[in-house]
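Predicted model only: the values in this text are computed from it and were never measured.
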Amino acid sequence: MFLLYEYDIFWVFLIISSVIPILAFLISGVLAPLSKEPEKLSSYESGIEPMGDAWVQFRIRYYMFALVFVVFDVETVFLYPWAMSFDVLGVSVFIEALIFVLILIVGLVYAWRKGALEWS
């Protein structure tokens, strides 16, 4: 049997964290000026008159580097708790973590061989 009163603090936190952004959007919508002048609608480029279109296509290399960074950053998040409790978990968890790291290394070598990490 679930005891729902144990989750009261969760529901309070959920309601408060949902109401604050909604209030922020409503208040900014009420207080914001409504003028739609051409100067207000133009893109801002550090005080310089904008040249060309505001939509510029980025090279895929930026996204590849970001994706590799995120993968290895998440790896660190997963391995840190394991490293902190290594002495309690035993050899089987060490082998699982080793397989996890090896899979990531294989992915890194694959990306390296494909040239995804080259900045030329």
Side-chain angles (χ1 to χ4, degrees):
M1 180 90 183
F2 289 109
L3 301 175
L4 292 179
Y5 65 86
E6 291 180 0
Y7 294 101
D8 287 345
I9 191 72
F10 168 76
W11 294 114
V12 169
F13 179 75
L14 185 68
I15 290 170
I16 290 173
S17 63
S18 299
V19 167
I20 288 176
I22 292 170
L23 282 176
F25 278 118
L26 290 175
I27 291 171
S28 69
V30 169
L31 296 179
L34 299 176
S35 62
K36 301 281 184 185
E37 301 170 7
E39 190 68 33
K40 187 76 169 173
L41 296 176
S42 70
S43 61
Y44 179 73
E45 295 184 7
S46 301
I48 301 172
E49 196 65 34
M51 298 183 307
D53 194 15
W55 293 95
V56 178
Q57 186 175 10
F58 289 102
R59 292 181 8 182
I60 192 69
R61 301 244 182 246
Y62 297 118
Y63 300 111
M64 293 299 293
F65 272 81
L67 186 61
V68 169
F69 170 75
V70 166
V71 165
F72 284 98
D73 197 38
V74 169
E75 173 197 11
T76 305
V77 168
F78 281 133
L79 287 179
Y80 184 74
W82 168 81
M84 291 292 104
S85 59
F86 175 71
D87 55 345
V88 177
L89 297 175
V91 177
S92 64
V93 177
F94 175 74
I95 293 171
E96 290 174 9
L98 189 64
I99 291 171
F100 176 67
V101 171
L102 287 176
I103 290 171
L104 288 173
I105 289 174
V106 167
L108 178 64
V109 169
Y110 176 78
W112 197 344
R113 293 252 173 122
K114 284 296 223 180
L117 302 178
E118 304 215 0
W119 196 263
S120 57

Using a 3.5 Å cut-off and no angle test, enumerate the donor-acceptor pairs between side-chain atoms of residues 26-34 and protein atoms at least two apart in sequence or in another chain.
unit_1 : atom_1 : unit_2 : atom_2 : d
Ser28  : OG     : Ala24  : O      : 3.2
Ser28  : OG     : Phe25  : O      : 3.0

Would you be so kind as to tabulate the donor-acceptor pairs closer than 3.5 Å made by side chains of residues 15-23, with sequence neighbours excluded?
unit_1 : atom_1 : unit_2 : atom_2 : d
Ser17  : OG     : Phe13  : O      : 2.9
Ser17  : OG     : Leu14  : O      : 3.1
Ser18  : OG     : Leu14  : O      : 2.8

Show me the side-chain donor-acceptor pairs of residues 69-89 shorter than 3.5 Å, one per line, residues at least two apart or across chains.
unit_1 : atom_1 : unit_2 : atom_2 : d
Thr76  : OG1    : Phe72  : O      : 3.0
Ser85  : OG     : Pro81  : O      : 3.1

Note to self: Evaluate Arg113 against Val109 for side-chain contact (heavy atoms from CB on, under 4.5 Å), listing each step before the verdict.
What the structure shows: CA-CA 6 Å; Arg113 293 252 173 122; Val109 169; 4.2 Å; yes
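Criterion: ILVMFWY side-chain heavy atoms under 4.5 Å apart, direct or through other members. Under it, Ile103 and Leu67 are not part of a common hydrophobic cluster.
Distance CD1/Ile105 to CG/Leu98: 8.5 Å, rounded to 0.5 Å.
Open room surrounds CD1 on Ile9; 12 or fewer heavy atoms of other groups in view lie less than 6.0 Å from it.
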